[in-house]
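Notes to accompany the following structure.
Being a predicted model, the structure only gives us computed values, none of them experimental. What you see below is based on every heavy atom in this structure, not just the backbone, and it leaves out hydrogens, waters and symmetry mates. Proteins get letters first, then strands, A, B, ... in listed order; numbering begins at 1 in each.
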There are 2 protein chains.
Amino acid sequence: MTIRDVARASGVHVSTVSRTFSAPHLVNAETRARVLAVAEELGYRPNRAARALTTGRTHNIGLIVADIANPFFPPLIKAAQSSARERDYHLFVADTDEDPAVEEELVLAFSKQVDGVILCSPRLSNKALDKLAERVPFVLVNRRLRGVATVLMDVAQGARSAVEHLAALGHRRVALVSGPAGSWTSGEIKQAAAEVPGVELVVIGPNAPTEQAGIRAAAAVAEAGVTGVLAYNDLVAIGLIEGLAERGVSVPEDVSVVGIDDIVPGRLNRPKLTTVAMPTADAGRLAVELLIQSVTASTTLETKLVVRESTAPPKGLT
Amino acid sequence: MTIRDVARASGVHVSTVSRTFSAPHLVNAETRARVLAVAEELGYRPNRAARALTTGRTHNIGLIVADIANPFFPPLIKAAQSSARERDYHLFVADTDEDPAVEEELVLAFSKQVDGVILCSPRLSNKALDKLAERVPFVLVNRRLRGVATVLMDVAQGARSAVEHLAALGHRRVALVSGPAGSWTSGEIKQAAAEVPGVELVVIGPNAPTEQAGIRAAAAVAEAGVTGVLAYNDLVAIGLIEGLAERGVSVPEDVSVVGIDDIVPGRLNRPKLTTVAMPTADAGRLAVELLIQSVTASTTLETKLVVRESTAPPKGLT
DNA sequence: AACCCTAGCGCAACCGGTTGCAATGAAATA
DNA sequence: TATTTCATTGCAACCGGTTGCGCTAGGGTT
């Protein structure tokens with residue numbers, strides 16, 4: 001079913017059919033109705049790839065994340081997909097397996113096929129990103145880069161309010177179970193957490209951003225003489241809680257634990273995790289929005305502390 | 001950067017450049033090397049959309065799931081993406097929000113832009129699916145349909161071994177917290193669970209496939225006089241465990257609980273959930289494979305019981 | 001009555017590739 | 001030496017749309 005079939009069947013030129021779909025006001029109402037009827041009848045749909053060839057707009061967006069199966073990303077992907085679809089865009093999704101080389105390759109591979117790419121927490125160097133920015137518009141999520149549209153989530157503020165929450169409960173010595181060595185996010189967290197007055201911060205790490213790492217970190221936490229912990233993310237926090245339980249220290253009775261991200265497993269965990277909720281869905285929506293409108297803006301989304309069951313006043317104060 | 005730029009810069013005709021990329025054996029090694037060098041230099045990459053126009057192969061695949069954020073799907077999406085990429089395919093991902101109309105619209109919207117569509121647990125009627133099958137090749141996951149490639153996961157067998165596991169532990173009266181009313185899967189589970197000799201099955205439901213539904217079902221389970229439970233899925237199982245805890249009945253001491261799916265939150269839950277692992281990653285990989293090879297086959301993947309901490313012998317037998 | 005506008009539509013070139021066919025020339029065969 | 005064969009490359013049509021331009025005819029102006 002091509003545009004020519006429809007043209008033939010409705011007795012008009014292909015250009016008229018084309019305009020019926022892409023510039024309806026340029027064609028007589030009567031003709032338009034007839035063409036639409038015939039198109040419907042034949043089950044015709046414009047071929048978007050062909051259209052892209054002349055218009056230069058594919059109506060596709062590429063979304064690149066480190067790991068689709070990491071519970072942090074699906075809400076972002078879902079939101080991005082949904083707002084893309086609302087505006088008649090389709091979404092390519094790809095997974096880099098945490099490999100910067102794959103990341104670069106993906107952007108390049110997508111470049112001709114999309115109107116823009118959303119890169120989440122890219123591992124690429126600034127220079128590499130600048131290079132890529134010449135080839136395809138993109139927006140960065142969780143990474144700041146001069147001259148490129150960015151959507152940030154304010155982890156720093158989140159980390160600060162997490163530690164403040166612990167301080168308010170009466171904790172005076174708090175551990176930070178930090179993230180991977182090179183991580184920008186981990187740096188932000190550390191800096192913000194250290195700023196909170198009235199609490200002494202013990203940094204434990206670096207650690208991999210996994211449950212296993214959390215379990216392993218439990219030993220160090222138990223020996224650090226702290227009553228509260230801020231973990232790099234929820235996965236680590238959950239692992240930590242498990243590791244602590246194995247050593248007979250219970251949360252939140254003996255130690256309070258705060259995570260970051262607010263992923264689903266944390267909400268289902270027992271005790272339910274107190275955590276810093278990241279507005280991932282908003283970030284996904286916004287990234288799509290920025291891309292489609294092609295505005296180069298740097299946005300920071302607020303994070304929010306969600307107090308659940310893994311934090312309580314320290315023992316002495318109960 | 002188009003093929004003509006490369007042709008000009010390397011002093012050959014566009015067709016030679018084209019062949020350099022899509023049929024290298026047809027061009028002299030020396031010429032090929034020169035063209036490749038120039039292409040590299042210019043950063044040229046063939047435009048896949050343009051290529052698709054003549055070849056009819058887009059090298060794109062559409063993946064449609066009910067809910068991207070449902071922990072069941074991400075591993076499938078990830079695996080599909082990864083095997084697609086291995087074969088130089090790109091993956092569109094879309095979310096139907098559980099709406100059959102959206103599902104149909106998506107397939108249609110994708111049809112011209114992909115070589116095939118993977119439909120996971122479609123809600124569409126057989127007739128509607130048959131209709132769609134005329135327009136675009138697809139493979140169904142978790143749904144059987146004559147004449148269409150399908151990838152099934154053997155829930156029936158899984159449910160059976162779950163109940164057998166409970167029976168082997170000594171449970172004689174087991175509740176099935178069933179799924180939504182119309183669900184094919186729920187029917188399969190019920191039938192298979194009922195077949196296991198030596199255990200009396202109490203069906204509780206229908207229920208929504210959510211944690212909340214599990215919490216609500218706890219009352220009925222507590223009153224059913226059972227020592228073991230098979231839940232429609234892990235989410236329900238987790239909710240159930242929480243609901244039971246609220247009533248003072250603990251898992252697995254008082255009641256054993258088995259879930260289905262093996263999603264991440266279940267693995268992190270405490271107690272760690274005994275569950276029927278669905279080979280979602282395999283399903284994703286296989287679906288891509290079938291699509292690319294365009295083989296119309298019906299495959300059934302085995303499920304596997306994973307015994308963790310939420311099951312134990314009933315109280316009297318300990 | 002001569003003239004201008006405009007709505008509606010057709011014409012044809014073009015987007016960036018692919019591919020069947022023909023032309024070329026060198027190597028191989030008779 | 002004449003004739004094939006084959007590897008290599010160019011030519012041009014084509015994939016399915018879009019769009020600037022030009023033509024036509026009906027309506028409005030003066």
Side-chain angles (χ1 to χ4, degrees), chain A residues 1-39 42-60 88 90 108-115 135-136, chain B residues 1-39 42-60 88 90 108-115 135-136:
Chain A
M1 270 313 114
T2 80
I3 200 174
R4 319 207 187 239
D5 295 321
V6 177
R8 200 169 313 124
S10 43
V12 296
H13 194 264
V14 292
S15 56
T16 302
V17 178
S18 172
R19 282 190 272 259
T20 300
F21 287 94
S22 48
H25 60 281
L26 288 182
V27 27
N28 181 290
E30 205 173 311
T31 314
R32 191 196 315 154
R34 184 155 38 92
V35 171
L36 284 177
V38 171
L42 267 49
Y44 166 79
R45 300 203 141 209
N47 181 324
R48 312 181 101 195
R51 176 179 288 178
L53 211 47
T54 48
T55 61
R57 316 224 66 208
T58 63
H59 265 236
N60 289 150
D88 196 27
H90 290 177
L108 256 23
F110 277 165
S111 64
K112 288 295 193 332
Q113 214 168 165
V114 301
D115 294 339
R135 307 202 48 159
V136 50
Chain B
M1 270 313 115
T2 79
I3 200 175
R4 315 200 192 245
D5 295 321
V6 178
R8 200 169 313 124
S10 44
V12 296
H13 194 264
V14 291
S15 56
T16 301
V17 178
S18 173
R19 282 191 270 263
T20 301
F21 287 95
S22 47
H25 60 282
L26 288 183
V27 26
N28 181 290
E30 205 173 311
T31 315
R32 191 195 317 153
R34 183 156 38 92
V35 170
L36 284 177
V38 172
L42 267 49
Y44 166 79
R45 299 205 141 209
N47 181 322
R48 312 181 85 175
R51 177 179 287 179
L53 212 46
T54 48
T55 62
R57 318 223 65 207
T58 63
H59 265 236
N60 290 151
D88 196 27
H90 290 183
L108 256 23
F110 278 164
S111 64
K112 288 296 193 332
Q113 214 168 166
V114 301
D115 294 340
R135 308 202 48 159
V136 52

Between [N] atom [atom2] and [X] atom [atom1], what is the distance in whole Å?
{"X": "B:R19", "N": "D:dT9", "atom1": "CZ", "atom2": "C1'", "answer": "7 Å"}
{"X": "A:N28", "N": "C:dT6", "atom1": "CG", "atom2": "P", "answer": "18 Å"}
{"X": "A:H59", "N": "D:dT18", "atom1": "NE2", "atom2": "P", "answer": "11 Å"}
{"X": "A:L26", "N": "C:dG10", "atom1": "CG", "atom2": "P", "answer": "13 Å"}
{"X": "B:R32", "N": "D:dT9", "atom1": "CZ", "atom2": "C1'", "answer": "14 Å"}

Review point. Going by distance alone, is a donor N or O of one side chain under 3.5 Å from an acceptor N or O of the other, for A:H90 and A:R48?
Key: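 Looking only at side-chain atoms, A:R48 and A:H90 do form a donor-acceptor pair, the distance falling under 3.5 Å.
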
Practice item. May I ask you to say what B:V12 touches in the nucleic acid, namely base, sugar-phosphate or nothing, with a heavy-atom cut-off under 4.0 Å? Key: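 The residue B:V12 makes sugar-phosphate contact but no base contact.
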
Between protein and nucleic acid, restricted to nucleotides 24-26 of chain C and to nitrogen or oxygen atoms under 3.5 Å apart, what atom pairs and distances do you find?
none

Considering only nitrogen or oxygen atoms on both sides, find all protein atoms under 3.5 Å from nucleotides 12-17 of chain C and state each distance.
from	atom 1	to	atom 2	distance (Å)
C:dG16	N7	B:R4	NH2	3.0
C:dG16	N2	B:A50	O	3.3
C:dG17	OP1	B:N47	N	3.3
C:dG17	OP2	B:I3	N	2.5
C:dG17	O5'	B:Y44	OH	3.0
C:dG17	O5'	B:N47	N	3.2
C:dG17	N7	B:R4	NH2	2.6
C:dG17	O6	B:R4	NH2	3.4

Measure from the side-chain N and O atoms of [X] to the backbone N and O of [Y], and report whether any donor-acceptor pair falls under 3.5 Å.
{"X": "B:R32", "Y": "B:V27", "value": "yes"}
{"X": "B:S18", "Y": "B:V14", "value": "no"}
{"X": "A:T2", "Y": "A:R4", "value": "yes"}
{"X": "A:S10", "Y": "A:V12", "value": "no"}

Practice item. Going by the side-chain contact (heavy atoms from CB on, under 4.5 Å) test, name the single residue among A:T16, A:V17, A:L36, A:T20 that passes it with A:V6. Key: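 Answer to the side-chain contact (heavy atoms from CB on, under 4.5 Å) test with A:V6 among A:T16, A:V17, A:L36, A:T20: A:V17.
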
**Study point:** End axis versus end axis in the helix from C:dA1-D:dT30 to C:dA30-D:dT1, the angle rounded to 10°, five pairs used at each terminus
**Key:**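 Computed from the C1' atoms at both ends, the axes differ by 40°.
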
